[in-house]
*Asks:* 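Below is a structure I'd like to ask you about.
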Amino acid sequence: MDASRLSNPMICEAGMIFRALGDPSRLRLLQALLASGGPVNLRGLAESTGLSQANASKHLACLVETGLVLREKEGQQVLFLVSGPMVRELCGLVKDHVLDRSRSAYASLR
């Protein structure tokens, strides 16, 4: 990201996205959504992440607010899904970085 090309409001928006990704519960929700391959309701996300429905709802609101997750109403049910391929790519980059750091740490113990 070329920060010199971002206006102050855009920098604030980017900060909100990174803040949203900085919480383990929200990362668990994203992981569950990415693994599902499709829309999931609140109950399913709460069960698959071990979060209470109230806690999952709070974290999903943050992910929706930042545009990482979409909320769709289908009848009486609300479904959640990742907003696009950028979310999968970003999560993949972070996962690869964490795995590389873990491998390096393990290798240094030998």
Side-chain angles (χ1 to χ4, degrees):
M1 172 169 56
D2 183 1
S4 65
R5 294 182 176 210
L6 295 178
S7 65
N8 281 335
M10 292 169 82
I11 289 172
C12 290
E13 179 75 16
M16 287 177 58
I17 291 168
F18 284 112
R19 180 181 63 82
L21 293 171
D23 185 280
S25 293
R26 290 192 281 270
L27 292 175
R28 284 185 194 94
L29 287 163
L30 283 174
Q31 180 174 268
L33 285 168
L34 289 167
S36 75
V40 184
N41 65 21
L42 175 62
R43 183 174 162 192
L45 287 168
E47 287 175 2
S48 67
T49 59
L51 298 171
S52 69
Q53 286 190 29
N55 200 11
S57 179
K58 176 186 80 162
H59 289 298
L60 284 164
C62 177
L63 293 169
V64 168
E65 181 183 339
T66 57
L68 297 170
V69 168
L70 300 175
R71 179 183 315 183
E72 294 181 349
K73 191 144 170 111
E74 192 173 284
Q76 296 283 58
Q77 188 164 242
V78 177
L79 300 174
F80 299 90
L81 65 155
V82 294
S83 62
M86 184 275 300
V87 176
R88 183 175 297 280
E89 292 170 25
L90 184 57
C91 289
L93 288 170
V94 172
K95 179 190 79 168
D96 290 346
H97 177 73
V98 170
L99 287 172
D100 287 346
R101 287 178 50 89
S102 296
R103 287 182 190 117
S104 293
Y106 179 74
S108 71
L109 295 174
R110 290 195 220 170

*Asks:* Taking all heavy atoms of Arg71 and all of Ala61, pick out the closest pair and write down the distance.
*Replies:*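 In this case the closest contact between Arg71 and Ala61 is NH2-CA, 3.8 Å.
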*Asks:* Under the 4.5 Å side-chain heavy-atom rule for ILVMFWY, direct or indirect, which residues accompany Phe80?
*Replies:*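 Reading the cluster by chain and number, Phe80 sits alongside Ile17, Leu21, Leu27, Leu29, Leu30, Leu33, Leu34, Val40, Leu42, Leu45, Leu51, Leu60, Leu63, Val64, Leu68, Val69, Val78, Val82, Met86, Val87, Leu90.
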*Asks:* If you compare all heavy atoms of Arg26 against all heavy atoms of Ala20, which two are closest, and at what distance to 0.1 Å?
*Replies:*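 Looks like NE-O, 2.9 Å.
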*Asks:* Clusters formed by hydrophobic residues whose side-chain heavy atoms approach within less than 4.5 Å: which one holds Leu79, and what are its other members?
*Replies:*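 Noted: Leu79 shares its cluster with no other residue.
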*Asks:* Could you check whether any side-chain heavy atom of Pro24 comes within less than 4.5 Å of a side-chain heavy atom of Arg28, counting everything from C-beta outward?
*Replies:*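 The answer is yes; the side chains approach within 4.5 Å.
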*Asks:* Kindly check if the number of other-residue, nucleotide or ligand heavy atoms within 6.0 Å of CG (Asp100) is above 12?
*Replies:*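 Yes.
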*Asks:* Provide the closest heavy-atom pair for Leu81 versus Pro39 in the form atom of the first, atom of the second, distance.
*Replies:*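 In this case the closest contact between Leu81 and Pro39 is CB-CA, 4.1 Å.
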*Asks:* Please go through Val98's hydrophobic cluster and name the other residues, only I, L, V, M, F, W, Y counting, with side-chain heavy atoms under 4.5 Å joining them.
*Replies:*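 Taking Ile, Leu, Val, Met, Phe, Trp and Tyr as members, Val98 shares its hydrophobic cluster with Val94.
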*Asks:* What's the separation between atom CZ in Arg19 and atom CD in Glu65, rounded to the nearest 0.5 Å?
*Replies:*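 These two atoms lie 6.5 Å from each other.
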*Asks:* Is Ser83 reaching over with its side chain to a backbone N or O of Gly67, donor-acceptor style, under 3.5 angstrom?
*Replies:*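 Pair found, side chain donor or acceptor close to backbone of Gly67.
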*Asks:* Can you confirm whether more than 12 heavy atoms, excluding those of Gln77, are under 6.0 Å from its CD atom?
*Replies:*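 Atom CD in Gln77 is crowded, with more than 12 foreign heavy atoms closer than 6.0 Å.
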